[in-house]
Asks: 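One structure is given below, represented as structure tokens, and several questions about it will come after.
If you read the sequence from its start, that first residue is 1, and numbering goes on from there. Below, all heavy atoms of this structure are taken into account, side chains as well, without hydrogens, waters or symmetry copies.
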Amino acid sequence: MDLTERMLRELAIELVGATTISYQQQEIDFGPRFLRLPMTEAVLQRNPEISAADCRNGDALRVHCQRLRIGTKPDWGWGRLLCEIFEATVEDKLVQPTFITEYPAEVSPLSRRNDQDPDITDRFELFIVARELANGFSELNDPEDQAERFRAQVQAKDAGDAEAMHYDDDYIRALEYGLPPTAGEGIGIDRLVMLFTDSASIRDVLLFPYMRPEAS
């Protein structure tokens, strides 16, 4: 997170000569330290009807989802339900650079569990102008834990979750040989270019022509 923050701040200075930029008539300020907010805290700030105890209670969160008209599935645990509430009620409010941390393990199938709280992971996502710009985490390097999470993903896929992962035998075998402590981050370059060029549509910044619709 420190590296990402420095990179974006220095990128703004290099491109526009200041730590502030304008995007779609909104001023984005990369100067101050980026806000870092656990997902649970972000949900609580925007949803006064939800209590801290509710955030780890699947039955309570399901009731809140019904109240908020968020569709759910019977096999979703508290982690997936909390994430759905976050996406529906918080994500579009994150205009200034904000790191959301402490993602539930249920929605982070490749992320390492937190040492103090194994129900969450050492993962963050960076949001700017209500868009996810980056996703980073410590890699899960426990083959038994990873195999269990892959099996859960397969069950979710069989139940109709199009975003769920498949079971990767080769990856599990590699983990059994050993993976050192590792962390990484993916940054959405197209979204980054959108931000710094004040482009409203991702179609305006795609690098590959075949991604554009052909002229008739």
Asks: So which of Thr4, Ile128, Leu35 actually passes side chain to side chain contact (heavy atoms under 4.5 Å, CB included) with Pro97?
Replies: Ile128
Asks: Identify the heavy atoms of Val205 and Ser199 that sit nearest to each other, and give their distance.
Replies: CG1-OG, 3.7 Å
Asks: Between Leu8, Ile13, Ile28, which is the residue that forms a side chain to side chain contact (heavy atoms under 4.5 Å, CB included) with Thr19?
Replies: Ile13
Asks: Using a 6.0 Å cut-off, check whether atom CD of Glu144 has over 12 heavy atoms from anything other than its own residue.
Replies: no
Asks: Rounded to the nearest 0.5 Å, what separates atom CD in Glu84 from atom NZ in Lys73?
Replies: 10.0 Å
Asks: What are the two closest non-hydrogen atoms of Cys55 and Leu44, and how far apart are they?
Replies: SG-CD2, 3.8 Å
Asks: Before giving the answer on side-chain hydrogen bond (donor to acceptor under 3.5 Å, both in side chains), spell out for Asp54 and Ser51 the whole-Å C-alpha distance, their side-chain angles and the decisive distance to 0.1 Å.
Replies: CA-CA 5 Å; Asp54 290 344; Ser51 70; 3.2 Å; yes
Asks: Does a salt bridge link Arg149 with Asp145, judged by any charged N lying under 4.0 Å from a carboxylate O?
Replies: yes
Asks: Just so I know, are the side chains of Ile202 and Met194 near enough to count as touching, which here means a heavy-atom distance under 4.5 Å?
Replies: yes
Asks: So, Thr98 side chain and Leu94 main chain: donor-acceptor pair closer than 3.5 Å or not?
Replies: no
Asks: Is the closest side-chain heavy-atom distance between Asp119 and Trp78 below 4.5 Å?
Replies: yes
Asks: Regarding Thr20 and Asp29, is there a side-chain donor-to-acceptor distance under 3.5 Å anywhere?
Replies: no
Asks: What I want to check is whether the side chains of Glu125 and Tyr103 have a donor and an acceptor closer together than 3.5 Å.
Replies: yes
Asks: If you look at every heavy atom in Ile21 and Ala12, which pair is closest and at what distance?
Replies: CG2-CB, 4.3 Å
Asks: When Arg36 is tested against each of Glu102, Glu41, Glu5 for salt bridge (charged side-chain N to carboxylate O under 4.0 Å, His left out), which residue passes?
Replies: Glu5
Asks: Begin from the C-alpha positions of Phe34 and Phe127 and carry the test ring pair (Phe, Tyr, Trp, His ring centres under 6.0 Å) through to its verdict.
Replies: CA-CA 10 Å; Phe34 294 4; Phe127 291 87; over 10 Å; no
Asks: Just by distance, with hydrogens left out, do Arg123 and Asn135 show a side-chain donor and acceptor under 3.5 Å apart?
Replies: yes
Asks: Ile100 and Ala42: which non-hydrogen atoms are nearest, and at how many Å?
Replies: CD1-CB, 4.1 Å
Asks: Measuring from atom CG of Leu68 to atom CD of Gln66, what distance do you get when rounded to the nearest 0.5 angstrom?
Replies: 10.5 Å
Asks: Between Arg9 and Phe30, is NZ or CZ placed under 6.0 angstrom from the six-membered ring centre and within 45° of the ring axis?
Replies: no
Asks: State, yes or no, whether a side-chain contact exists between Val63 and Leu61 at a heavy-atom distance under 4.5 Å.
Replies: no
Asks: Are the side chain of Asn47 and the backbone of Glu49 linked by a donor-acceptor contact shorter than 3.5 Å?
Replies: no
Asks: Can a donor-acceptor pair be found between the side chains of Asp198 and Gln24 at a distance below 3.5 Å?
Replies: yes
Asks: I'd like to check Thr101 versus Met1 (side-chain heavy atoms, cut-off strictly below 4.5 Å). Are they in contact?
Replies: yes
Asks: Find out whether Tyr171 and Phe150 are in side-chain contact, i.e. whether some heavy atom of one side chain is under 4.5 Å from a heavy atom of the other.
Replies: yes
Asks: Would you call Glu91-Lys93 a salt bridge at under 4.0 Å N-O?
Replies: no
